[in-house]
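Along the sequence shown, residues are numbered consecutively beginning with 1.
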Amino acid sequence: VARRLSLRKHPECHSMAGGKAIEHLAQTGNRQQHTFRLPMQQYRNCDFSFSGLQNLVNKVITQKEKEEGIREGEILSCVKDIAAAVQHAVAVHVIQRTYRAMLFCIKNSILSSKNATLVVSGGVASNQYIRKGLQTLADANDFAFLCPPPKLCTDNGVMIAWNGMERLRAGLGVLHSTDGIRYEPK
């Protein structure tokens, strides 16, 4: 969404990563100016998906570009409102799906209803709006809430690489040859 909104060109966001730029602009945006249907409402599971939301956001951006008579890559006048609405939709989706997971774990005795903890990490945990929503969810369900400081909430790729390094050192589950492995980088 940040890329589609060309937030690198926005004077307040030129040096920010996309998620940080969305969060920054959303602080002064009006999320009620745009309402995005939440993804996967018809599915009664704990899966996350943002592709449907992304498609809806792209349609709104395209429509607004036409209305404002600007080309793709230029900054919309309503960019803060779109950022606020997108951030809110993502937060609600994450909170709803996390709540389902919490209930599933308790119902299936995977977690005790006492002393249960919700741990949030990675890049999404650096967003204060989402973090606050998940904190509220944890509090309302008597879960402890653990979340590293934002400066430690970085891309999960770093954590995956670290895990790979530790597994390599320990000689656990490491392939020494990629022969026969098909992969396609995106």
Side-chain angles (χ1 to χ4, degrees), residues 1-68 70 72-104 118-143 145-156:
V1 172
R3 193 174 314 126
R4 181 63 181 87
L5 288 171
S6 302
L7 296 186
R8 289 261 185 216
K9 295 179 182 177
H10 194 284
E12 295 177 33
C13 305
H14 67 277
S15 64
M16 294 180 187
K20 185 67 178 168
I22 294 284
E23 180 180 13
H24 173 76
L25 294 175
Q27 291 173 350
T28 53
N30 180 354
R31 68 178 172 87
Q32 295 174 331
Q33 290 297 316
H34 303 279
T35 303
F36 296 113
R37 191 175 68 247
L38 295 176
M40 303 180 68
Q41 291 298 295
Q42 70 274 26
Y43 298 106
R44 298 289 212 214
N45 58 31
C46 304
D47 297 346
F48 294 93
S49 176
F50 298 97
S51 60
L53 177 60
Q54 184 176 348
N55 288 335
L56 291 173
V57 173
N58 284 337
K59 286 178 184 176
V60 167
I61 293 170
T62 300
Q63 177 187 342
K64 290 297 179 185
E65 287 169 343
K66 287 178 185 171
E67 288 175 13
E68 293 186 15
I70 66 173
E72 184 175 327
E74 296 179 40
I75 304 296
L76 290 168
S77 64
C78 59
V79 69
K80 291 182 178 185
D81 297 338
I82 291 173
V86 167
Q87 177 179 254
H88 181 72
V90 167
V92 172
H93 182 55
V94 168
I95 291 164
Q96 283 182 349
R97 295 298 167 156
T98 302
Y99 182 51
R100 283 182 189 270
M102 292 162 66
L103 293 175
F104 177 85
L118 174 61
V119 178
V120 181
S121 65
V124 71
S126 66
N127 181 293
Q128 294 301 308
Y129 189 82
I130 296 172
R131 183 189 287 235
K132 183 177 178 185
L134 289 168
Q135 173 76 65
T136 302
L137 174 67
D139 292 346
N141 290 280
D142 295 321
F143 272 58
F145 183 74
L146 292 178
C147 195
K151 70 178 182 177
L152 298 178
C153 294
T154 58
D155 189 328
N156 286 337

Any chance you could measure [X], atom [atom1], to [Y], atom [atom2], to the nearest 0.5 Å?
X: Leu7; Y: Lys9; atom1: CG; atom2: NZ; result: 11.0 Å
X: Ile75; Y: Arg8; atom1: CD1; atom2: CZ; result: 12.0 Å
X: Tyr99; Y: Phe104; atom1: OH; atom2: CZ; result: 15.0 Å
X: Met102; Y: Leu134; atom1: CE; atom2: CG; result: 9.0 Å
X: Ile95; Y: Thr136; atom1: CD1; atom2: OG1; result: 7.5 Å
X: Lys20; Y: Cys13; atom1: NZ; atom2: SG; result: 10.5 Å

Please assess Glu23 against Gln27 for the test side chain to side chain donor-acceptor pair (under 3.5 Å), listing each intermediate value before the final yes or no.
CA-CA 6 Å; Glu23 180 180 13; Gln27 291 173 350; 4.8 Å; no

Stepwise, does the side-chain contact (heavy atoms from CB on, under 4.5 Å) test hold for Leu118 with Asn141?
CA-CA 10 Å; Leu118 174 61; Asn141 290 280; over 6 Å; no

Under the ring-ring contact (aromatic ring centres under 6.0 Å, His included) rule, what pairs show up with a residue in residues 4-37, not counting sequence neighbours?
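Applying ring-ring contact (aromatic ring centres under 6.0 Å, His included) to every pair that reaches into residues 4-37, excluding sequence neighbours, yields nothing.
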
Taking C-beta and beyond as the side chain, do [X] and [Y] meet within less than 4.5 Å on heavy atoms?
X: Leu103; Y: Arg100; answer: no
X: Pro150; Y: Gln128; answer: yes
X: Gln87; Y: Arg31; answer: no
X: Val90; Y: Ile130; answer: yes
X: Val120; Y: Leu146; answer: no

Taking only residues two or more places apart in sequence, or in another chain, which ones meet [X] in a side chain to side chain donor-acceptor pair (under 3.5 Å)?
X: Gln41; answer: Gln96
X: Tyr129; answer: His88
X: Ser77; answer: Glu68

Which atom of [X] lies closest to which atom of [Y], heavy atoms considered:
X: Gly73; Y: Ser6; answer: CA-OG, 3.1 Å
X: Gly18; Y: Ala2; answer: CA-CB, 3.4 Å
X: Ala84; Y: Ala26; answer: CA-CB, 3.5 Å

Under 3.5 Å donor-acceptor pairs involving side-chain atoms of residues 47-62, not counting sequence neighbours:
from, atom 1, to, atom 2, distance (Å)
Asp47, OD2, Asn45, ND2, 3.4
Ser49, OG, Ser51, OG, 3.4
Asn55, ND2, Ser51, O, 3.4
Asn58, ND2, Gln54, O, 3.4
Thr62, OG1, Arg4, NH2, 3.2
Thr62, OG1, Asn58, O, 2.9

Quick test of your reading: applying salt bridge (Lys or Arg N to Asp or Glu O under 4.0 Å), list the pairs with at least one residue in residues 74-98, sequence neighbours left out, ordered by first then second residue.
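Found Glu12-Lys80, Arg71-Glu74.
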
Answer yes or no: does atom CZ of Phe145 have more than 12 heavy-atom neighbours from other residues, nucleotides or ligands under 6.0 Å?
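Yes, CZ of Phe145 has more than 12 neighbouring heavy atoms, counting only those of other groups under 6.0 Å.
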
